[in-house]
2 protein chains.
Amino acid sequence: MVNDPFRALSHPIRRGIVERLAEGPATVGEATGGFGVSKPAISHHLKVLEETGVVTRVAEGRTHRLSLEPDVLSVAADWMDRQRALWGRLFDVVDEYLKEEESQ
Amino acid sequence: MVNDPFRALSHPIRRGIVERLAEGPATVGEATGGFGVSKPAISHHLKVLEETGVVTRVAEGRTHRLSLEPDVLSVAADWMDRQRALWGRLFDVVDEYLKEEESQ
DNA sequence: GATACCGTTCACCATGTGGTTAACGATCCG
DNA sequence: CGGATCGTTAACCACATGGTGAACGGTATC
């Protein structure tokens, strides 16, 4: 299960990187500054984001330009939507049950 | 970061359990059958789901009734929605970036 | 009471994860 | 050329994760 967007999002630093890239492409330095960890640690998180397909990278001179891959993230977003649709229906079932209780 | 729904969802077996519970409460056996791992492994995954607040449990005789906690899962679902709203605008951002490149 | 069943805990193991410092390669700039 | 900058790789470490078989505690069933 190497290509798993949920795995990519399971660490707060990686979610932070995704948040910044959701606003637009950025270099490694721009996208990862201020997390309070060393550069190798950042490099590792970027590797995970690349392996899972969430982020792509293009070398530009001595910097790298990072971009989000919405299609891959959509796999996770769509899964969440499907589950939410189901558990939302559970609320309705409970509501109906409670109304039936009241009317008796 | 112990109470992190993303951590709960980072393993396919735990997502499978969530999928089943999204259709309604179930016992451990009902919710976790057929994953092809031993009972201790299942027990551990349930522990993670409980620790992260995604699942609650009520003992009923010798079985346990598991229920989903939508509020906790909504934290993850809402985050995904916010990001998706941002990366939905991303196509325009990329267009602008490419136009700036061309005009230079 | 004996036995089967549901699910957990215990002890253990292999691997993965996340972090560090040090060194490196490549690129830009004086 | 020489030095600063961007980001990676290498080597290492501590801890978390995910799995197993064995044993256990309650609860139902006969």
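All values below come from the heavy atoms of this structure, side chains included, with hydrogens, waters and symmetry mates left out.
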May I have the list of side-chain donor-acceptor pairs in residues 35-46 of chain A shorter than 3.5 Å, sequence neighbours left out?
unit_1	atom_1	unit_2	atom_2	d
A/H45	ND1	A/R14	NH1	3.0

Would you tabulate the side-chain donor-acceptor contacts of residues 16-28 of chain B under 3.5 Å, counting partners in other chains and residues two or more places apart, or write 'none'?
unit_1	atom_1	unit_2	atom_2	d
B/E19	OE2	A/W79	NE1	2.7
B/R20	NH1	B/G33	O	2.7
B/R20	NH2	B/G33	O	3.0
B/T27	OG1	B/E30	N	3.2

Review item, side-chain donor-acceptor pairs of residues 55-64 of chain B, under 3.5 Å, at least two apart:
unit_1	atom_1	unit_2	atom_2	d
B/T56	OG1	B/E69	OE2	3.4
B/R57	NE	B/E50	OE1	3.1
B/R57	NH1	B/H64	ND1	3.0
B/R57	NH2	B/E50	OE1	2.9
B/E60	OE1	B/R65	NE	3.3
B/T63	OG1	B/E60	O	3.1

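Considering every non-hydrogen atom in both A/T52 and A/A8, the closest pair reads OG1-CB, 3.2 Å. Closest approach of A/D78 to B/R84, counting heavy atoms only: OD1-NH1, 3.4 Å.
One can place CD1 of B/I13 at 13 Å from C1' of D/dT20, the figure rounded to the nearest angstrom. The nearest whole Å value for the distance from the NE2 atom in A/H64 to the C1' atom in D/dT9 is 12 Å. In this structure, the CD1 atom of B/I42 is 13 Å from the C1' atom of C/dC6, given to the nearest Å. Between the CG atom of B/L9 and the P atom of D/dG18 there is a distance of 12 Å, rounded to whole Å. In this structure, B/D4 places its CG atom 14 Å from C1' of D/dA16, rounding to the nearest Å. One interatomic measurement links the two molecules: CD of B/E51 to P of D/dA16, which rounds to 12 Å at whole-angstrom precision. Rounded to a whole Å, the CG atom of B/L46 is 16 Å from the C1' atom of D/dT17.
The hydrophobic cluster containing B/V48 does not contain A/F6, counting ILVMFWY residues as joined when their side-chain heavy atoms lie under 4.5 angstrom apart, directly or transitively. In the hydrophobic clustering of this structure, B/I13 does not group with A/V75; members are Ile, Leu, Val, Met, Phe, Trp, Tyr whose side-chain heavy atoms approach within less than 4.5 Å, directly or through other members. B/L66 and A/W87 fall within a single hydrophobic cluster, where Ile, Leu, Val, Met, Phe, Trp and Tyr side chains are chained together by heavy-atom contacts under 4.5 Å.
Heavy atoms of B/S38 sit under 4.0 angstrom from at least one base atom. Using a 4.0 Å heavy-atom criterion, one finds that A/S43 contacts the bases of the nucleic acid, with or without backbone contacts as well.
For the atom pair CG of A/L49 and CZ of A/R7, the computed distance is 9.5 Å after rounding to the nearest 0.5 Å. Between the CG atom in A/L9 and the CG atom in B/L9 there is a gap of 10.0 Å [rounded to 0.5 Å]. Note: B/H11 NE2 to A/S10 OG = 11.5 Å, rounded to the nearest 0.5 Å.
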Could you run down the sub-3.5 Å N/O contacts of the protein with nucleotides 12-18 of chain C?
unit_1	atom_1	unit_2	atom_2	d
C/dT17	OP1	A/R7	NE	3.2
C/dG18	OP2	A/R14	NH1	3.1

Taking N or O atoms only and anything under 3.5 Å, show me the protein contacts with nucleotides 22-30 of chain C, one pair per line.
unit_1	atom_1	unit_2	atom_2	d
C/dT27	O2	A/R62	NH1	3.4

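Summary of the strand contacts: A/K47 and B/T63 both lie near DNA chain D, and taking for each the nucleotide with the nearest heavy atom, the more 5' one is attributed to A/K47.
Listed by residue number, the members of residues 17-34 of chain B with any heavy atom below 4.0 angstrom from DNA chain D form an empty set.
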